[in-house]
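Please read the structure below before turning to the comments.
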Amino acid sequence: MSFDTTPSAPHPSTTDPSQPLVATACLDLLLIEMVPMAYRITAELAAKEEEWTRTLGPGSGSGAQTAAARRSVETTTATASSAGNKVAGGASKEKKGGKKGEVEAKTGPEAGLGIGGIGGTAPGMDEEETRDAVFYRLEGLGYRVGLGITEKFSRDKPRFSDTLDVIKFLCKDLWVLVFNKQIDNLKTNHRGIYVLTDNRFKPLTRMSLEKGREGMMQQAQPFLYFPSGVLRGALASLGIQANVQAESAELPGATFQIRTTGVKS
């Protein structure tokens, strides 16, 4: 028996930006569902926390009573989650359920969410608190994705000489890997602030929104949380700590402002 010890050539996807490391079709579907999923999770966790607070408040009683209360909360949460899933399943299910489906839509943890499960409020939270919770969840997921992709793709590349080279790497190589196109415009004040503009940001190209302009922009904003995290994670992987803010002034365009740590406003 013999073993071939000849080192194999690196996979083309780690050296050629035109060979993506990401299944773009799967990523498109993921980005479409990720935002309403984050709102659903936030609503269910908020409902559970509110129930715990109400049931297990000060002077909640003995350990046996506490255990019984926990079982009651878990049962209530499971029922609410089931009701929310039925509502999220589509209008056809509500029609089959008749009035019962309408009651579930009003009493479930997702009752306060907006159209398509995007926007609105979670139980016991105002709109801003709900949006912050969703941002924290989606941006954190994006951070881990950006960290992993950049570590894998940049391992065979020469070390970047300065921050601007890193930003150019994000605009060209990383954006091609994830979204199959380059950033359309890059601006900088050469003092640690960089503005990346994508005139046709892929996750926003397939959005169909029925609200007016103000509501449309507000509903599109959560879809920028995940890519903002991707950028922040990629920068962290290359040794740069930064804050990333994203906005969309006109669909399907998107602008990402990168402010490296230590930069004064």
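Bear in mind the structure is a predicted one, so any value in this text is a computation, not a measurement.
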Measuring from [X]:[atom1] to [Y]:[atom2], what's the distance to the nearest 0.5 Å?
X	Y	atom1	atom2	result
L231	I167	CG	CD1	8.0 Å
Q221	S228	CD	OG	8.0 Å
E151	L238	CD	CG	9.0 Å
L196	K168	CG	NZ	12.0 Å
Q241	T260	CD	OG1	10.5 Å
Y39	R131	OH	CZ	7.0 Å

Handout entry: pair T261-N243: side-chain heavy atoms closer than 4.5 Å
Key = no

Handout entry: Heavy-atom side-chain proximity of R40 to P36 below 4.5 angstrom
Key = yes

Practice task
With side-chain contact (heavy atoms from CB on, under 4.5 Å) as the test, would you mind laying out the steps for F153 and L174 before giving the verdict?
Solution key: CA-CA 9 Å; F153 182 72; L174 180 68; over 6 Å; no

For [X] and [Y], which heavy atoms make the closest approach, and how far apart are they?
X	Y	value
K202	N180	NZ-CB, 4.5 Å
Q257	V195	CG-CG2, 4.3 Å
S248	G253	OG-O, 2.7 Å
A242	I258	CB-CG2, 3.9 Å
P222	L138	O-CD1, 3.8 Å
F201	F223	CE2-O, 4.4 Å

Handout entry: Results of side chain to side chain contact (heavy atoms under 4.5 Å, CB included) for D184 - residues two or more places apart only
Key = K181, D198, N199

Practice task
Before giving the answer on side-chain contact (heavy atoms from CB on, under 4.5 Å), spell out for V134 and I41 the whole-Å C-alpha distance, their side-chain angles and the decisive distance to 0.1 Å.
Solution key: CA-CA 9 Å; V134 171; I41 292 175; over 6 Å; no

Completion exercise
Quick note, ring-ring contact (aromatic ring centres under 6.0 Å, His included) partners involving residues 125-152, not counting sequence neighbours, are F135-Y225

Problem - Crowding at CD, E129 (>12 non-hydrogen neighbours, <6.0 Å) - result: yes

Handout entry: Matching residue for Y194 among N189, L170, T188 - test: side chain to side chain contact (heavy atoms under 4.5 Å, CB included)
Key = T188

Problem - Full working for side-chain contact (heavy atoms from CB on, under 4.5 Å) between L45 and R137 - result: CA-CA 12 Å; L45 291 178; R137 189 175 302 278; 3.3 Å; yes

Handout entry: Full working for side-chain contact (heavy atoms from CB on, under 4.5 Å) between L204 and L224
Key = CA-CA 9 Å; L204 301 183; L224 303 177; 4.1 Å; yes

Exercise for the section: Kindly assign one of parallel, tilted or perpendicular to the pair W175 and F256, based on the angle between their ring planes and the thresholds 30° and 60°. Expected result: perpendicular

Problem - Path from L147 to L235 over hydrophobic side-chain contacts below 4.5 Å - result: no

Handout entry: Exam field: side chain T42 to backbone T130, donor-acceptor pair closer than 3.5 Å
Key = no

